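The structure appears right after this line, and notes come after that.
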Amino acid sequence: MPELVFFSGTMDCGKSTLALQRIHNRSARGLQGVIFTRDDRAGEGKLSSRLGLVTDAVEAAPGMDLYAYVVGRMTQGDRVDYLIVDEAQFLASEQVDQLARVVDDLNLDVFAFGITTDFRARLFPGSQRLIELADRIEALQVEAMCWCGARATHNARTVGGEMVVEGEQVVVGDVNGPAAEVGYEVLCRRHHRRRMTSAAAHAGILSPDVLPVAPA
Ligand SMILES: Nc1ncnc2c1ncn2[C@@H]1O[C@H](COP(=O)(O)OP(=O)(O)O)[C@@H](O)[C@H]1O
Ligand SMILES: Cc1cn([C@H]2C[C@H](O)[C@@H](COP(=O)(O)O)O2)c(=O)[nH]c1=O
């Protein structure tokens with residue numbers, strides 16, 4: 001049975017690498033997929049991994065009907081065996097519904113890859129809909145790590161090196177970026193809650209909620 005699978009995790013946990021490996025393994029067996037992405041750091045119409053691999057992809061622009069696009073490709077005679085969707089968190093909710101329709105009506109596997117929550121630990125619309133509709137949700141086995149050594153489960157945004165909790169939901173960026181700009185760092189929940197990035201920890205800054213003692 002074809003499936004809608006959501007491979008989810010934090011930033012920098014290997015999602016795009018896994019997407020590229022799936023494409024590679026299928027293409028080695030003669031299978032051809034439609035590769036969608038949205039707002040990849042490498043630029044429009046690119047699916048890139050931090051390991052240096054990159055492939056061309058179809059930009060899943062806002063308002064684009066992904067089901068109609070796939071039907072159009074098949075109607076013009078293109079072979080379509082499966083779909084890969086990277087940066088799936090950025091999809092609109094209705095675009096995820098269109099992916100589910102690809103599975104159910106066109107009998108194709110759809111593998112979606114994306115981060116679950118934003119820098120405020122709130123679901124992205126695309127991720128929320130994937131959690132609601134996916135046949136399976138897979139956590140990546142190569143987990144990203146917080147600076148404390150725990151498994152990283154959350155994404156922090158930094159501006160000028162300071163963790164922020166307000167701002168636009170979508171700001172394309174990278175981990176280990178220049179401190180002066182918008183950057184990201186993966187953290188465990190404890191340190192995300194305490195707003196303690198690696199820089200803050202090394203500076204010895206203690207959050208007020210380290211000791212949950214009510215003021216006298
Ligand atoms: N120089 C490196 N050597 C080995 N592995 C690396 C290196 N740089 C990045 N990686 C691996 O690539 C992962 C990030 O892969 P990527 O597919 O870009 O992540 P995601 O799409 O989840 O943000 C890192 O977690 C790490 O495992
Ligand atoms: C947490 C968070 C991330 N983003 C952006 C930053 C990156 O461009 C992508 C994630 O890409 P990755 O391959 O998984 O590293 O999402 C954002 O726009 N808003 C956020 O809150």
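Please read all numbers here as calculations on a predicted model, not as lab measurements. Counting convention: from 1, in listed order, for ligands and their atoms alike.
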Problem set entry | Residue pair M163 / F119, side-chain heavy-atom distance below 4.5 Å | no
For this session: Output yes when the distance from some N or O of ligand 2 to some N or O of D118 is under 3.5 Å, and no in every other case.
Result: no
Exercise. Can you list the atoms of ligand 2 that are under 4.0 Å from a heavy atom of F119?
Worked result: 1 (C), 20 (C), 21 (O)
For this session: Could you name the option among R120, R41, R38 that has the heavy atom nearest to atom 12 (P) of ligand 2?
Result: R41
Exercise. Who gets closest to atom 19 (N) of ligand 2 by heavy atom: E87, Q169, H154?
Worked result: Q169
Exercise. Does ligand 1 have any atom sitting under 4.0 Å from a heavy atom of C13?
Worked result: yes
Exercise. Got a protein heavy atom sitting under 4.0 Å from atom 1 (N) of ligand 1?
Worked result: no
For this session: With salt bridge (Lys or Arg N to Asp or Glu O under 4.0 Å) as the test, would you mind laying out the steps for R38 and E59 before giving the verdict?
Result: CA-CA 5 Å; R38 167 87 162 267; E59 187 77 13; 5.2 Å; no
Exercise. Counting from 1, what ligand 2 atoms have a heavy atom of R50 closer than 4.0 Å?
Worked result: 15 (O)
Exercise. Looking at atom 13 (C) of ligand 1, what's its closest protein heavy atom, distance included?
Worked result: D12 OD1, 3.9 Å
For this session: Please determine if S16 has a nitrogen or oxygen closer than 3.5 Å to a nitrogen or oxygen of ligand 1.
Result: yes
Problem set entry | Polar contact flag for G173 and ligand 2 (N/O pairs, less than 3.5 Å) | yes
Seminar exercise, completed: re atom 16 (P) of ligand 1, the protein heavy-atom contact at minimum distance is T17 OG1, 3.6 Å
Problem set entry | Gap between atom CG of L130 and atom CG of L91 - 0.5 Å precision | 7.0 Å
Problem set entry | atom 26 (C) of ligand 1: any protein heavy atom closer than 4.0 Å | no
For this session: Select the closest option to atom 11 (C) of ligand 1 among D86, L51, D40, judged by heavy-atom distance.
Result: L51
For this session: State whether the shortest distance between N or O atoms of K15 and N or O atoms of ligand 2 falls below 3.5 angstrom.
Result: yes
Problem set entry | Identity and separation of the nearest protein heavy atom to atom 18 (O) of ligand 1 | R50 N, 2.8 Å
Exercise. Does any N or O atom in F124 lie less than 3.5 angstrom from one in ligand 2, N or O only?
Worked result: no
For this session: For V172, take its heavy atoms, then give the atoms of ligand 2 lying under 4.0 Å from any of them.
Result: 8 (O)
Exercise. Can you find an N or O of G14 that's nearer than 3.5 Å to an N or O of ligand 1?
Worked result: yes
Exercise. For the rings on F6 and F111, is their centre-to-centre separation under 6.0 Å?
Worked result: no
For this session: For ligand 2, find out whether one of its N or O atoms is nearer than 3.5 Å to an N or O atom of R157.
Result: yes
For this session: Answer yes or no: is there an ion pair linking E138 with R136, defined by an N-O contact shorter than 4.0 Å?
Result: yes
Problem set entry | Where ligand 2 meets N155 - atom numbers and elements under 4.0 angstrom, heavy-atom basis | 1 (C)
Exercise. V170 to ligand 2: N or O pair under 3.5 Å?
Worked result: no
Seminar exercise, completed: Counting from 1 in the order shown, the ligand 2 atoms closer than 4.0 Å to a non-hydrogen atom of I115 are 1 (C), 2 (C), 3 (C), 14 (O), 16 (O)
For this session: Assess whether salt bridge (Lys or Arg N to Asp or Glu O under 4.0 Å) is satisfied between R50 and D12, documenting all intermediate values.
Result: CA-CA 8 Å; R50 290 180 182 83; D12 200 26; 3.6 Å; yes
Seminar exercise, completed: A student checking ligand 2 against Q89 at a 4.0 Å heavy-atom cut-off should list atoms 9 (C), 10 (C), 16 (O)
Problem set entry | F124 and F90 aromatic ring geometry - parallel, tilted or perpendicular at 30°/60° bounds | perpendicular
